[in-house]
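Bear in mind that the values here come from a model prediction, so they are computed numbers and not experimental data. Lettering follows sequence order; numbering is per chain, from 1.
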Amino acid sequence: MMDKRYDAKAAEAKWYPIWEQSGFFHDEPGKGSPYSVVIPPPNVTGILHMGHALNQTIQDVLVRWRRMCGFNTLWLPGTDHAGIATQNVVEKALRKEGKRRQDLGREAFVERVWEWKRQYGGTIVHQQRMLGNSTDWRRERFTFDEGCSKAVAKVFTQLYNEGLIYKGNYIVNWCPRCGTALANDEVEHEANHGHLWYVRYPVVGSAAGVKGELNKDYIMVATTRPETLPGDTAVAVNPKDERFTAIVGKKVILPLTGREIPVLADDYVEKEFGTGIVKITPAHDPNDFLVGKRHGLEEINIMNDDGTMNDLAGAKYAGMDRFECRKVLVEDLEAGGFLDHIEDYDNQVGHCYRCHEVVESRLSKQWFVKMKPLAEPAVEAVKNGSVRFVPDRWSKIYFNWMNNIQDWCISRQLWWGHRIPAYYLKGDAERLFVAETAEEALEKARKATGNASLTMADLEQDPDVLDTWFSSWLWPFSTMGWPEKTADLDYYYPTTDLVTAQDIIFFWVARMMMAGIHFMGKPPFSNIVIHGIVRDAQGRKMSKSLGNSLDPLEIIGAYSADALRFSLALITSLECDTKVDKSKFEIGRNFATKIWNAARFLQMNAEELGLDVRAPLAGISGLSSDEKHILLAADKACRKIDDTLSRYRIQDGALAVYDFFWTQICDGYVEYAKDAADKKRAFAILADVFWKALRLLHPYMPFVTEEVAHQLGYLADGETIMRASFPKGYTDEEKSAWGLDEATYAFVDAKRAMITDLRALRGEYKISPAAFVKVTVQSRDEETAALLRADVETLKKAMRAESVEITTDKAELAMPGKLGALGTVYLSLDGLVDKAAESKRIAGELKKLEGFIKGAEAKLANKQFTDHAPAQIVETARKQLEENRQKQAQLQKLAKLFS
RNA sequence: GGGCGCUUAGCUCAGUUGGUUAGAGCAUUACCUUCACACGGUAGGGGUCACUGGUCCGAGUCCAGUAGCGCCCACCA
C-alpha cells in the first residue's frame, strides 16, 4: 500500500543512484538513430544556480523524451576549467596563507590549482545530479583534461599553419597594481567626477578656410586624459563634419613635443561631443587603437607595466606616476599657452575588480585568430538552413555580430590554462616554432637553425595561456575524442540540439559553429535552442551582490527536484526571460502530490477489484461515453505533447500534460469512475491512461513518475520508466473498435457542462449541495436523449439528484434552467425559493436578453454582414439568436411562475 | 548611437495561419473537512488585450504612428 504522503526526498535519493549505476544514462554508438546534446559546461568553480537549473531542465526534458522515443541518446556532461575564475579562487586561498602565486612559482602553482580541482571541482557535478539530469557521467569531460588539451594544441597548430593565428599588438585592460591583463568582464565601471581639458594644437602652415571654433593658428581638442598626450599620433574629425573638411589631411603640432601629426577623418568621431576633434593615442585607448589600425598610425607606448611613464613620454615625465604626470603636464600646457580651458565632466572609469586600481588600456603583444575566414561559412550554415535558431529571431542577432566580427585575442597572462604551444629560441623572441608538442617544436627548431645539437634547454615556451573559450569552442567534438577517430565521434557528431541562454551566443555558440565547420567539416549541431535568463520577481538579474538569488538546492530541499523542474518548465517561454520567485515552485509540488494521490486512489481500487494494471485493454468493449472520452483525451495528449516537444515548446508540453492529468483524469474521469456502472472496466481504462500519463510526464518529473510506476506495479524491479516507450496515441483500429470519435468527445464535454450548469443553478437558488433535487433535461434531439439516458445513473450521482428525467418533449417547463449544447437542464425548486427576489432578478435578465436579441436581429438584417461573412459565421449568429429566443421564452414562463 | 524585444485579469504569463463567449496558475469571494488529495473540491468575481489611426464583413492577432518598459552591442575623447 502506498504511503499517505509522497516522500520526494526519499524517492530522489533512491532512484538517482539506481539510474546512474544501472547505466540507464548510457548508450553505446551503433544501434538506432542518434540524438546527442553536449551540456554547456559550467565553470568548475561554479555552484548551481537557477540559470543552470532552467537550462538543464530543458535539456533533460528533450533528452529523456528522445530516449523514450527510442533514440540512441547521448547527453554529454562536463565542466570548464575557467581560467581566470579558477586561478582567482586558488590565489585567494593562497593569500590567506600570506602567499602570492609568484612565491610558489608557476609549476607549483598550477599543481596547486589541480589539487583544488580534485578536491572541490566536483561540487557542481554533484549538484547537477540533484536535478535529476540524465547525463552520461561515464563520458564526463573537463576542458583541461588530457584529451581536450590535445585538441587545443592541435587546433592552435593547425590554425597557425593555415595563417589564421598571428601575433600582434593589442590593447588590453591592464591592472598596474596586479601586473596582469584583465578580461572585459573583470573591469568594473564606476562613475568618475573628472574634467575635460581643452587643449590647443597649432596648425602647421595656413589654416585659411577653417571655420567654427577655430582660429587661424590652432585647432582645439578635448580630452579626459591629458597625460597620454605624448603618445598622440594624430587628431581626428568626423568625415561628415563640414566645419573641418578643410583641415583634413593637414598637420598639427603636438604641444610640448613639437612633433607634427596628421589630421584624419574617421566615423568614430562624434561631431557633437567636445570640440568635434579628438586626439588619437593608439597605444592607450581601445578606440584610438582601432582608428590607428585603420589609418596605419604609429603606436607609441608611453607607460611602463606599473603605471609610471617611460622615456617615450619625454625625459621630464619619465618615471612619474600616471596621475602625477597628468598634473605636471597640465601645468606645462598652461604655461605654454596650450590649455584653453577646463570643464567638469562625469564619465565612467574602469577599475580592477580585485584591487580597485584604475585600469589602464595598454598596448601589448597578443595572439589573435583571424575570424573573417572562419565566420563566413558559419554564417552560410545558418543562412542555408542547415543550422536553425529556435526561436528564429536570434539568427538576426547572430548575423549582425558575425558580419561585424573582429579578430579574437586568445592569449591571457595567466598561469591556469592551456599554455600556448609556441616556443622561442632563447634570447630571440622573433624565432618561434609552433607545434603540438615540445618535442616537435624542438625538431622544427633544429631543422630551421641547422643546429642538430639544440636541446629543450635552448627553447622557451610562450608564457601566456589561451582564453578559456579557446577550449570551449571545440567542446562538441573534443569531448568525443577528436583528434582521434573515435566511434563516438563518428556516431554522435554532429550533435542534434544545443540549448543555452542568450548571453553566450557570441562567446560560445558562434565560435563553436566556426570550429565545428572548420575542423570537422560539419556544423556542430542542427538546432540552437535559446532560452531566456532567470530573473527575480522584480525582473532583476539574479546575482550574488544583489542577494536576490534563489538557490536551486534550497528549492529542491523545500519542494523537490521534480517540483523545481516542472515549475521551471511551466513558466518558461523561449520567447522571453523568466521571472521566478519561491512561490512558483508550489505549482510543481502540488502537482506531484496530486499525482501521488490519484495513484493511491487507483491502487486502492485496483486491489479491491483484483485488477492487474498492466493488463492490455485490447479486449474491452461496450464503453460508456466517459470512457471513450478519457481514451480520446489520452490520445490527444500523446499527440499534442509529442508535437510540442518536437517544436521545442517545452512550456506547452508541460501545460498539456498538466491539463491531461489534472483536468481530464482527476477532475473528469476519476469522478466518473467512482460511480461507474462497470467498475472493473472503468478502472482498467484508468490504469491504461494513467500509465500513459506517467510516461508523458516522466521527462518533466522523473522521480515521482518512476516511484509511482513501481508502486502501482507498472514496472518490476530492475525496470525503469526512463527506458519505457514514450506513449503514442491509439491506433485507428483501436479507435474504431472502441468507438472513439470527436462527436462522443464533444458530447461528454457538453454533458459535464450540463452538470456544471446544474450546480450553478443550485448556487443561484441557494439550494444546499447536500440536498437531493429533481432534474429534468430537455434534450436537443432524440439521438442526444438516447445518449443521455445511457448515462442517467452517473448523471444522477454527479448532480446529486433523486431523479433525472430526460425528455425531448417541448412541452412547457415551468422551472429554472440553463441552456447548454445538449439541451436545457432544469432544476425543480420544490417551492424552496424567495419568489419576490427571483421575480426581480428574472426581470433584469429578460431586459438584458431583449437587448441582445435586438442587436443580433439587426446584425442579421445587415446585408453587408450576410453577404460577406462566411456562411458558417452567419449560421452561428442565427443559431445564437434562436437560442436566446428560446431562453427568453423560458424566462418569460419562469417569470409567470414567480409572479 | 546601432540592434532586438516587451505592454493581455491584482500578480506571473499563454493565446499557433485574423473567425462563435480572450485562457492558465497564483491571489481573491462563498460553500464544502464527502471514504485519493485542504499541497484538495465545487461555484463565483475580476480584462475598453498600452494608446491612436488604418486594412477587413470581422483585429488581442496584420500595417503605420505615439507613449512607457527592458535587454544586448558600442560606448562620448
Give a yes/no answer on whether the side chain of A:Lys4 brings an N or O atom under 4.0 Å of OP1 or OP2 in B:C37.
-> yes

Distance-only, no hydrogens or angles: does the A:Asp562 side chain make a donor-acceptor pair with backbone N or O of A:Phe703 under 3.5 Å?
-> yes

A:Ala654 backbone acceptor or donor facing A:Tyr700 side chain under 3.5 Å | yes

Using Watson-Crick or G-U wobble geometry with both distances below 3.5 Å, tell me the partner of B:C13, or none.
-> B:G23

Could you check which nucleotide pairs with B:U28 in any of the strands shown, counting Watson-Crick or G-U wobble with both distances under 3.5 Å?
-> B:G44

Of the nucleotides B:C76, B:C13, B:C73, which has the atom closest to the A:Phe506 side chain?
-> B:C73

Give the intermediate values and the outcome of side chain to side chain contact (heavy atoms under 4.5 Å, CB included) for residues A:Trp197 and A:Phe338.
-> CA-CA 10 Å; A:Trp197 286 270; A:Phe338 296 110; over 6 Å; no

B:C39 and B:A59, which share atom name C1', separated by this distance in whole Å = 41 Å

So which nucleotide does B:G1 pair with, by the Watson-Crick or G-U wobble rule with both distances under 3.5 Å?
-> B:C73

Is A:Val221 touching bases, backbone alone, or none of the nucleic acid, heavy atoms closer than 4.0 Å?
-> nothing

If you check every side-chain atom of A:Gln651, which of B:G40, B:A14, B:A36 has the closest atom?
-> B:A14

Side-chain contact check for A:Asp652: nearest option of B:G40, B:G5, B:A14 is B:A14

Counting heavy atoms from C-beta on, name the nucleotide in B:U12, B:G5, B:C37 closest to the side chain of A:Lys584.
-> B:U12

Evaluate the salt bridge (charged side-chain N to carboxylate O under 4.0 Å, His left out) criterion for residues A:Glu742 and A:Lys636: first the C-alpha distance (whole Å), next the side-chain angles of each, then the deciding distance (0.1 Å), finally the verdict.
-> CA-CA 11 Å; A:Glu742 289 300 328; A:Lys636 285 174 192 283; 3.0 Å; yes

Report yes if a side-chain nitrogen or oxygen of A:Thr224 is closer than 4.0 Å to either non-bridging phosphate oxygen (OP1 or OP2) of B:C76; otherwise report no.
-> no

Among B:C71, B:C4, B:G40, which is the nearest nucleotide to the side chain of A:Trp662?
-> B:G40

Would you say A:Lys674 reaches B:C35's phosphate, i.e. side-chain N/O to OP1/OP2 under 4.0 Å?
-> no

Grab the CH2-C1' distance between A:Trp401 and B:C4 for me, whole Å please.
-> 17 Å

Determine: side-chain N/O of A:Arg649 to OP1/OP2 of B:G15, distance under 4.0 Å, yes or no.
-> yes

Compare the minimum distances between each of B:A36, B:C4, B:A14 and the side chain of A:Ile397, then state the nucleotide with the smallest one.
-> B:C4

Under-4.0 Å side-chain N/O to phosphate OP1/OP2 contact, A:Trp394 with B:G3 = no

Rounded to whole angstrom units, what separation is found between the CD atom of A:Gln711 and the P atom of B:A36?
-> 18 Å

Would you classify A:Gln603 as touching base, sugar-phosphate or nothing, given that sugar-phosphate means primed atoms plus P, OP1 and OP2, and contacts are heavy atoms under 4.0 Å?
-> nothing

Pairing partner (Watson-Crick or G-U wobble, both distances under 3.5 angstrom) of B:U34 = none

Between A:Thr281 and A:Asp285: side-chain donor-acceptor atoms closer than 3.5 Å | no

Whole-Å distance, A:Leu655 CG to B:U16 C1', equals 14 Å

Using the C1' atoms only, state how far B:C4 lies from B:A43, rounded to an integer number of Å.
-> 45 Å

What distance, rounded to whole Å, do you find between the two C1' atoms, one in B:U55 and one in B:U12?
-> 34 Å

Near-ring test A:Trp596/A:Tyr6, centroid separation under 6.0 angstrom | yes

Select from A:Arg589 and A:Val670 the residue whose nearest nucleotide in RNA chain B is closer to the 5' end of that strand.
-> A:Val670

Round to a whole Å and report the spacing from CD of A:Gln502 to C1' of B:C72.
-> 8 Å

Does B:G53 pair with anything, Watson-Crick or G-U wobble, both distances under 3.5 Å, and if so, with which nucleotide?
-> B:C63

Do the side-chain N or O atoms of A:Asn605 get closer than 4.0 angstrom to the phosphate oxygens (OP1, OP2) of B:A36?
-> no

Describe the nucleic acid contact of A:Gly588 in one word from base, sugar-phosphate, nothing, applying a heavy-atom distance below 4.0 Å.
-> nothing

State which residue, out of A:Arg322, A:His284, A:Lys279, fulfils the side chain to side chain donor-acceptor pair (under 3.5 Å) condition with A:Thr228.
-> A:Lys279

Rounding to the closest angstrom, what is the interatomic distance between B:U21 and B:C62 at atom C1'?
-> 24 Å

For A:Trp197, report the nucleic acid contact type (base, sugar-phosphate, nothing); a contact means any heavy atom under 4.0 Å.
-> nothing

Span that lies between the P atom of B:G18 and that of B:U61, in whole angstrom = 11 Å

Is any side-chain N or O of A:Lys594 closer than 4.0 Å to OP1 or OP2 of B:G41?
-> yes

B:C6 and B:A50: how far apart are their P atoms, nearest whole angstrom?
-> 12 Å

Is the shortest side-chain N/O distance from A:Asn287 to OP1 or OP2 of B:A77 below 4.0 Å?
-> no

Residue mapping more 5' on RNA chain B - nearest nucleotide basis, A:Arg759 or A:Arg5 = A:Arg5

Using atom CG of A:Asp288 as one end and atom P of B:C75 as the other, report the distance to the nearest whole Å.
-> 11 Å

With sugar-phosphate meaning primed atoms plus P, OP1 and OP2, does A:Asp667 contact a base, only sugar-phosphate, or nothing at under 4.0 Å between heavy atoms?
-> sugar-phosphate

Whole-angstrom distance between B:G60 and B:A9, as gauged at atom C1' | 14 Å

Specify the separation, in whole Å, of atom CD of A:Glu671 and atom P of B:U34.
-> 14 Å

A:Leu570 has an atom CG; how far is it from atom C1' of B:A14, in whole Å?
-> 10 Å

Can you check whether A:Phe690 and A:Phe661 have ring centres sitting under 6.0 Å from each other?
-> yes

How far, in whole Å, is B:C11 from B:U16 if one measures between their P atoms?
-> 22 Å

State whether A:Tyr658 and A:Lys594 meet the cation-pi test: NZ (Lys) or CZ (Arg) under 6.0 Å from the six-membered ring centroid, and within 45° of the perpendicular axis.
-> no

For A:Thr281, answer base if it contacts any base atom (sugar-phosphate contacts may also be present), sugar-phosphate if it contacts only those atoms, and nothing otherwise; contact means non-hydrogen atoms under 4.0 Å.
-> nothing

To the nearest angstrom, the CZ-P distance between A:Phe601 and B:G40 comes to 18 Å

